[in-house]
> 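Before I ask anything, let me first share the structure, which is written out below as structure tokens.
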Amino acid sequence: MNDDGTQGHDPEFPDRYVEFMRTGWAAETPLSGLAQRPEAVHHAKRRSALAAMFPGETLVVPSGGERTRANDTAFRFRPGSDHVWLTGDHDPDSVLVIQPDGEAVLYARPRSSRDDDSFFRDRAHGELWVGRRHTLAEKGTELDLTTRDLAALPELLDGCAPGRTRVLRGLDAAVDAAVRPVGDGGRDRELATALSEARLVKDEWELAALRAAIGATVLGFEDVARVLPADRAVPERLLEGVFSLRARHDGNDSGYNPIVGGGPHATILHWTANDGRTAPGELLLMDMGVEGRDLYTADVTRVLPVSGTFTPLQRQVYEIVYRSQEAGIATIRPGVKFDDVHQACMRVLAEGLHDLGVLPVSVDEAMDKESILYRRWSLHGFGHMLGLDVHDCAAARKENYREGTLGENYVLTVEPGLYFQPEDELVPEELRGIGVRIEDDVLVTATGAENLSAGLPRTADDVEAWLGVQREAGFRLPG
């Protein structure tokens, strides 16, 4: 693109056209109903807590920029989660700077008003192209943040001493280049770690956002069940599209690429091609979650018998996974080790594999950390943290996450599974191609656990009954 934001193939604008475009516009009206967002108070508390962790230092947290999808088209922008957690700002190219005295300033792109020609020249930011955007003052009012023109950021960063500045890197190349890392970048990684670990505990506003995203996800699964025929095949992408309709209508988008796996595709953990078809008599595994408008996401998996009822063998596998999930959820409470939940889930899976005649050794030997032979058919752990990211708090230290203990108001998934690959000659032929995972979003409460996604059935009997009810209801457009 040219410096003025137009594409290289666009002609130069003649003077007469430019003069014509500058005239004849009605006076602009200010935004009505502009007020501080309710969640701004939570963002302010988070910024203050972060500043207290690094007193006297400058902290730089970008939102990130748009990424090219193909040629001159971009992916739909989704800001960096840490930036959102600290500001509530969803715009590209913004940068939060927490100054050594703790004052927070958001550097953002000002709107392309009719004060200059960019409102019609600039394809990327001009308001005739992208619509009305907030002024810096409007943005500051809503977010309860001091805002400054993004154009002033380079000078500020140029004056930052690397040894007293920490940058959340990998989001904005210009910011990364402006403040060189010290040594091996350990100081910057400490900032990323501090942010991840601070996000482990969800506040009341975050929990409300998660409940809303999960509620929309429940509706999305209902939508899919209502268009899933029992007697004929349909494309997996049809079902993905129906869920995505709900995600865009009730939320921001899907929180991750949906997994819609019919038959043997259910055994592929990260099956996102979704280019197969369902088949009566087979199972359908769907791992999907709505990302709410506040960018908190659900992450839920359900397995449905396409014909409406499980076969005896399908039910046997399903009930092993259900008992595993039940054991994991029953273990959850503050102070319990993350690994204790894992072991509770995995032991039930190992026992189930033994009952199926698949496990080549005893349950205890399969569970031994020097063996874990059961994992051939389970592959992954019991779950992960959930929040703004589907795999939330990923930069947290292992001693505070995988090797740590659970705390009140953590939110995590519990998602054990069994997967018998179609080509696995170590299992009976009738098991091959069966994949089952049951995944729910669980809040650690003061006394135990709350299943936030309990609006969807989990037992085999309840799944069959629910599927029948949804099919009887029929599909209706959201809203």
Side-chain angles (χ1 to χ4, degrees), residues 208-262 265-266 271-272 274 277-280 282-293 296-310 314 318 321-322 325 386 390 413-415 435-443 450-479:
L210 279 166
R211 290 181 191 277
I214 293 165
T217 299
V218 170
L219 295 177
F221 272 88
E222 291 177 356
D223 294 337
V224 171
R226 292 174 180 185
V227 301
L228 176 66
D231 57 353
R232 60 184 176 86
V234 294
E236 294 168 349
R237 287 189 181 179
L238 170 66
L239 306 180
E240 176 189 350
V242 169
F243 183 84
S244 297
L245 169 63
R246 175 67 66 173
R248 284 292 286 162
H249 181 272
D250 287 12
N252 179 58
D253 208 336
S254 292
Y256 50 94
N257 290 329
I259 296 169
V260 182
H265 288 165
W271 174 255
T272 57
N274 300 341
R277 299 176 70 83
T278 64
E282 293 185 338
L283 298 179
L284 171 66
L285 183 153
M286 296 180 291
D287 185 334
M288 306 184 294
V290 171
E291 178 182 80
R293 292 174 185 173
Y296 286 79
T297 187
D299 183 8
V300 178
T301 304
R302 286 296 185 268
V303 171
L304 307 181
V306 174
S307 63
T309 57
F310 293 97
Q314 289 170 348
Y318 186 94
V321 176
Y322 171 74
Q325 193 198 36
L386 184 71
V390 67
T413 65
V414 182
E415 52 174 308
V436 174
R437 178 168 65 256
I438 309 171
E439 178 181 18
D440 283 275
D441 303 337
V442 177
L443 168 66
E450 178 189 351
N451 183 357
L452 300 177
S453 45
L456 289 172
R458 293 192 297 129
T459 70
D461 286 344
D462 287 348
V463 167
E464 291 177 346
W466 172 87
L467 181 54
V469 168
Q470 301 310 317
R471 284 171 164 163
E472 184 69 23
F475 179 73
R476 287 170 291 186
L477 285 173

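Side-chain atoms are counted along with the backbone in the values below, which use heavy atoms only and exclude waters and symmetry mates. Worth saying up front: this structure is predicted, and the values here are computed from it rather than measured.
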> Atom CD in E291, atom CG in D253: separation rounded to 0.5 Å?
6.5 Å
> Grab the two heavy atoms, one from S254 and one from A247, that are nearest each other, plus how far apart they are.
N-CB, 3.6 Å
> Do M286 and F243 have side chains that approach each other closer than 4.5 Å (heavy atoms only, starting at C-beta)?
no
> Who passes ring-ring contact (aromatic ring centres under 6.0 Å, His included) against Y318, sequence neighbours left out?
F310
> Would you kindly say whether T272 and N274 are connected by a side-chain donor-acceptor distance under 3.5 Å?
no
> Taking all non-hydrogen atoms of both residues into account, name the closest pair between V306 and A279 and its distance.
CB-O, 3.6 Å
> Under 3.5 Å, is there a donor-acceptor pair between the side chain of R302 and the main chain of M288?
no
> Return the minimal non-hydrogen interatomic distance between S244 and P258, and the atom names on each side.
OG-CG, 4.5 Å
> Tell me, do V436 and L285 make a side-chain contact under 4.5 Å, heavy atoms counted?
no
> Just to verify, what does V469 make a side chain to side chain contact (heavy atoms under 4.5 Å, CB included) with, not counting sequence neighbours?
none
> Ignoring hydrogens and geometry, is there a side-chain-to-backbone donor-acceptor pair from Y256 to G289 under 3.5 Å?
yes
> Looking at every non-hydrogen atom in both residues, tell me the closest pair between E464 and G308 and how far apart they are.
CG-O, 3.5 Å
> How long is the span from the CG atom in D299 to the CG atom in D440, to the nearest 0.5 Å?
10.0 Å
> Indicate yes or no: at least one non-hydrogen side-chain atom of V414 is less than 4.5 angstrom from one of I438.
no
> Is a side-chain donor or acceptor of D441 paired with a backbone partner of L452 at a separation under 3.5 angstrom?
no
> So which atom in V234 and which in P229 form the shortest heavy-atom distance, rounded to 0.1 Å?
CG1-CG, 3.4 Å
> Please check this pair: side chain of E236 against backbone of G262, looking for a donor-acceptor N/O pair closer than 3.5 Å.
yes
> Please confirm whether the backbone N or O of P280 pairs with a side-chain atom of S307, one donor and one acceptor, at under 3.5 Å?
no
> So how far is it from F221 CZ to L304 CG, rounded to the nearest 0.5 Å?
8.0 Å
> Would a 4.5 Å heavy-atom cut-off, applied to side chains only, mark L284 and L239 as touching?
yes
> Mind running side chain to side chain contact (heavy atoms under 4.5 Å, CB included) on L245 and D223 for me, showing each step along the way?
CA-CA 9 Å; L245 169 63; D223 294 337; over 6 Å; no
> Nearest heavy-atom pair of A213 and Y296: which atoms, and what distance?
CB-O, 3.4 Å
> Do P305 and L283 make a side-chain contact, defined as non-hydrogen atoms from C-beta onward lying under 4.5 Å apart?
yes
> Does the side chain of I259 come within less than 4.5 Å of T301's, by heavy atoms?
no
> Within the structure provided, determine whether R246 and E222 are in side-chain contact (heavy-atom separation under 4.5 Å).
no
> Between E415 and R437 (side chain of the first, backbone of the second, donor and acceptor by atom type, cut-off under 3.5 Å), is there such a pair?
no
> Could you measure the distance from the NE2 atom of H265 to the CD atom of E282? Nearest 0.5 Å is fine.
9.5 Å
> Please examine the side chains of V300 and L456, heavy atoms only from C-beta on, and report whether any two atoms are closer than 4.5 Å.
yes
> Find the distance between CG (L386) and CD1 (I214) and round it off to the nearest 0.5 Å.
6.5 Å
